[in-house]
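Structure record follows, encoded as structure tokens.
One-based numbering along the sequence shown. This is a predicted model, so every value here is computed, not measured.
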Amino acid sequence: GVFGVFYYRSANEKTLRMLSQFLPVPVEELLDEFARGDTPIEICARTVRVLRSLGARHFYFSNLPHKGTASVLKQILEQAGA
């Protein structure tokens with residue numbers, strides 16, 4: 001299978017709650033992670049690591065920034081150990 005990983009850019013609660021009307025969003029957990037100082041790249045990489053630990057090997061990423069996309073994706077994959 002192919003697994004989708006959403007790149008959450010910020011801890012804007014209003015945006016996260018609106019987005020949760022369309023797909024499952026762990027709003028409280030994301031707010032906690034951002035409050036701890038975790039970056040969007042760290043959060044996304046952690047998601048990939050967890051999915052890989054469960055046996056997932058194929059991913060697609062949603063909501064990556066329009067500028068610097070390749071750099072952000074490279075950082076996510078490096079931090080995920082992929």
Side-chain angles (χ1 to χ4, degrees):
V2 177
F3 297 84
V5 178
F6 197 89
Y7 181 80
Y8 297 99
R9 297 179 190 185
S10 73
N12 184 318
E13 185 173 357
K14 182 179 177 183
T15 301
L16 294 173
R17 294 207 185 279
M18 186 268 310
L19 185 60
S20 71
Q21 295 176 25
F22 304 99
L23 59 120
V25 176
V27 175
E28 300 306 322
E29 292 85 349
L30 285 166
L31 292 173
D32 290 345
E33 289 176 311
F34 279 113
R36 273 196 318 250
D38 293 355
T39 68
I41 290 171
E42 290 168 333
I43 293 168
C44 195
R46 187 169 31 252
T47 301
V48 172
R49 282 194 305 273
V50 169
L51 287 170
R52 289 185 73 205
S53 76
L54 296 171
R57 294 291 172 254
H58 304 283
F59 307 93
Y60 69 89
F61 295 88
S62 295
N63 203 42
L64 292 174
H66 297 288
K67 291 188 177 188
T69 306
S71 173
V72 169
L73 182 57
K74 180 180 179 192
Q75 291 175 67
I76 291 167
L77 295 175
E78 286 174 351
Q79 288 193 27

Determine yes or no for a side-chain-to-main-chain donor-acceptor pair under 3.5 angstrom, with Arg52 supplying the side chain and Arg57 the backbone.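 Looks like no, no N/O pair under 3.5 Å.
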Return yes if some donor-acceptor pair links the side-chain N/O of Asn63 with the main-chain N/O of Phe6 below 3.5 Å, else return no.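 No, the answer is negative, given that no donor and acceptor are paired below the 3.5 Å cut-off.
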Can you name the nearest heavy-atom pair linking [X] to [Y], along with the distance?
X     : Y     : value
Glu42 : Thr39 : OE1-N, 2.8 Å
Ala45 : Gln79 : CB-CB, 3.6 Å
Ala11 : Leu31 : O-CD2, 3.4 Å
Tyr8  : Phe34 : O-CZ, 3.5 Å
Cys44 : Ile76 : SG-CD1, 3.7 Å
Arg46 : Asp38 : NH2-OD2, 2.6 Å

Membership question, hydrophobic clusters at under 4.5 Å side-chain separation (ILVMFWY): are [Y] and [X] in the same one?
X     : Y     : value
Leu77 : Val72 : yes
Leu23 : Val27 : yes
Leu64 : Phe3  : yes

Which residues pass the ring pair (Phe, Tyr, Trp, His ring centres under 6.0 Å) test with Phe59, sequence neighbours left out? none
Once you round to the nearest 0.5 Å, how far does [atom1] of [X] lie from [atom2] of [Y]?
X     : Y     : atom1 : atom2 : result
Ile41 : Lys74 : CD1   : NZ    : 12.0 Å
Arg17 : Thr15 : CZ    : OG1   : 11.5 Å
Leu30 : Glu28 : CG    : CD    : 9.5 Å
Tyr7  : Leu73 : OH    : CG    : 10.5 Å

